[in-house]
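Atoms within a ligand are numbered from 1 in the order they appear, just like the ligands themselves.
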Amino acid sequence: ADDMTMALVGNPNSGKTTLFNALTGAKQAIGNWPGVTVERKAGRLRKDKTVVLQDLPGTYSLSPYSSEEIVTRNFLIDEAPTRVLNVVDATNLERNLYLTLQVMETGRPLILALNMMDVLAKEHRREINLKKLSYVLGVPVVGISAIKGDHVEELVDQMLDHDPQCGCYPYPEYDPRVESALSMIQDQLTAIPQAKRRWYAIKLFERDEQVQKAINLSTQQRSEIEQTIATAEGLFADTSDSIIVNARYDYIARIIAMSVVDKEDFSESMS
Ligand code: GDP
Ligand code: K
Ligand code: MG
């Protein structure tokens with residue numbers, strides 16, 4: 001069988017390196033990404049050597065504002081890894097889910113590794129219902145402690161078992177007015193493969209200059225898209241990039257409300 005590539009993404013300090021080492025035995029090849037001095041690391045899964053795990057730079061977002069973000073998002077879009085393993089710091093769930101949603105926006109099949117579960121358990125502060133979280137997000141969730149190795153085997157089984165071709169992979173759905181704008185933009189993107197259209201539509205909606213430059217559109221198409229964006233901005237009385245930011249935070253707030261119980265009265269701030 002051909003080698004399969006999986007990508008490891010997560011916020012800085014979520015435990016990515018610890019998990020990478022546990023999964024690969026740290027026999028990694030290290031270099032730099034072409035053009036930038038960001039470390040490039042890949043290794044093979046101990047459990048199945050045909051699976052190459054590509055460690056991607058730690059990042060909070062997939063905007064085009066840093067080398068880390070650009071390397072990570074270009075890899076997800078251009079290399080289309082079979083599966084994305086998203087390491088999430090369970091003690092900082094809201095903030096970490098902001099990246100998760102953006103990974104989901106790329107349309108790549110995702111597994112959530114909810115790390116630092118040992119810390120969460122010690123804090124007695126909140127309880128995360130993993131089954132509900134998985135259900136409301138529509139992605140597999142495994143609670144782990146990368147440092148202790150707790151449930152890492154279960155995570156590996158999930159990485160190897162789950163069928164990425166099931167065709168039922170969900171995108172997060174935002175406010176209907178956002179969705180309607182995105183769908184109008186997608187109608188202009190017939191040259192882009194179907195599976196990637198939604199991601200490109202979101203980036204064009206955000207007026208992401210890197211994507212605007214990378215994509216071939218006629219003057220007519222660009223003006224239709226600009227009109228769609230301007231209409232949404234009028235409806236929301238806000239700029240398009242912050243419309244999307246707010247849509248993601250609204251989505252996260254709904255997910256948290258459905259799957260998390262805070263035991264004391266100090267819920268985390270969203271910022
Ligand atoms: P990265 O920046 O995402 O690569 O994160 P690291 O793997 O470097 O981990 C950041 C810090 O968290 C290090 O001090 C790790 O030892 C620690 N760490 C990683 N995973 C866990 C875990 O599951 N539980 C606890 N308690 N600490 C962890
Ligand atoms: K670190
Ligand atoms: Mg690291």
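- For the Mg ion (ligand 3), the N/O/S atoms of Thr17 include one lying under 2.8 Å.
- For the residues Ile144, Asn21, Asp118, the heavy atom positioned nearest atom 26 (N) of ligand 1 is part of Asp118.
- By the criterion of a heavy-atom distance under 4.0 Å, both the backbone and the side chain of Asn13 are placed next to ligand 1.
- Between Tyr98 and Tyr249, the two ring planes are parallel [angle under 30°; tilted spans 30° to 60°].
- Inclusion of Gly15 in the set of residues having an N or O under 3.5 Å from an N or O of ligand 1 is warranted.
- Here the side chain of Thr228 pairs a donor or acceptor atom with the backbone of Glu224 at under 3.5 angstrom.
- Counting the atoms of ligand 1 from 1 in the order shown, those under 4.0 Å from a heavy atom of Lys16 are 1 (P), 3 (O), 4 (O), 5 (O), 7 (O).
- No more than 12 heavy atoms of other residues, nucleotides or ligands sit less than 6.0 Å from atom CD of Glu127.
- Lys132 NZ: 12 or fewer foreign heavy atoms inside a 6.0 Å radius.
- Counting atoms of ligand 1 from 1 in the listed order, those under 4.0 Å from a heavy atom of Asn11 are 3 (O).
- Below 4.0 Å from some heavy atom of Ser145 lie the following atoms of ligand 1, by number and element: 22 (C), 23 (O), 24 (N).
- By the salt bridge (charged side-chain N to carboxylate O under 4.0 Å, His left out) test, Glu179 is found to be paired with Arg198, residues two or more places apart in sequence or in another chain being considered.
- The salt bridge (charged side-chain N to carboxylate O under 4.0 Å, His left out) test applied to Glu226 returns Arg207, not counting sequence neighbours.
- For ligand 1, the atoms closer than 4.0 angstrom to any heavy atom of Thr17 are 1 (P), 4 (O), 7 (O).
- Note on ligand 1: Ser14 sits in its first shell, one or more heavy atoms being nearer than 4.0 Å.
- Under a cut-off of 6.0 angstrom, the local environment of CG in Asn216 is sparse, with at most 12 non-hydrogen atoms contributed by other residues, nucleotides or ligands.
- For ligand 1, the atoms lying closer than 4.0 Å to a non-hydrogen atom of Thr18 are 6 (P), 7 (O), 9 (O), 15 (C), 19 (C).
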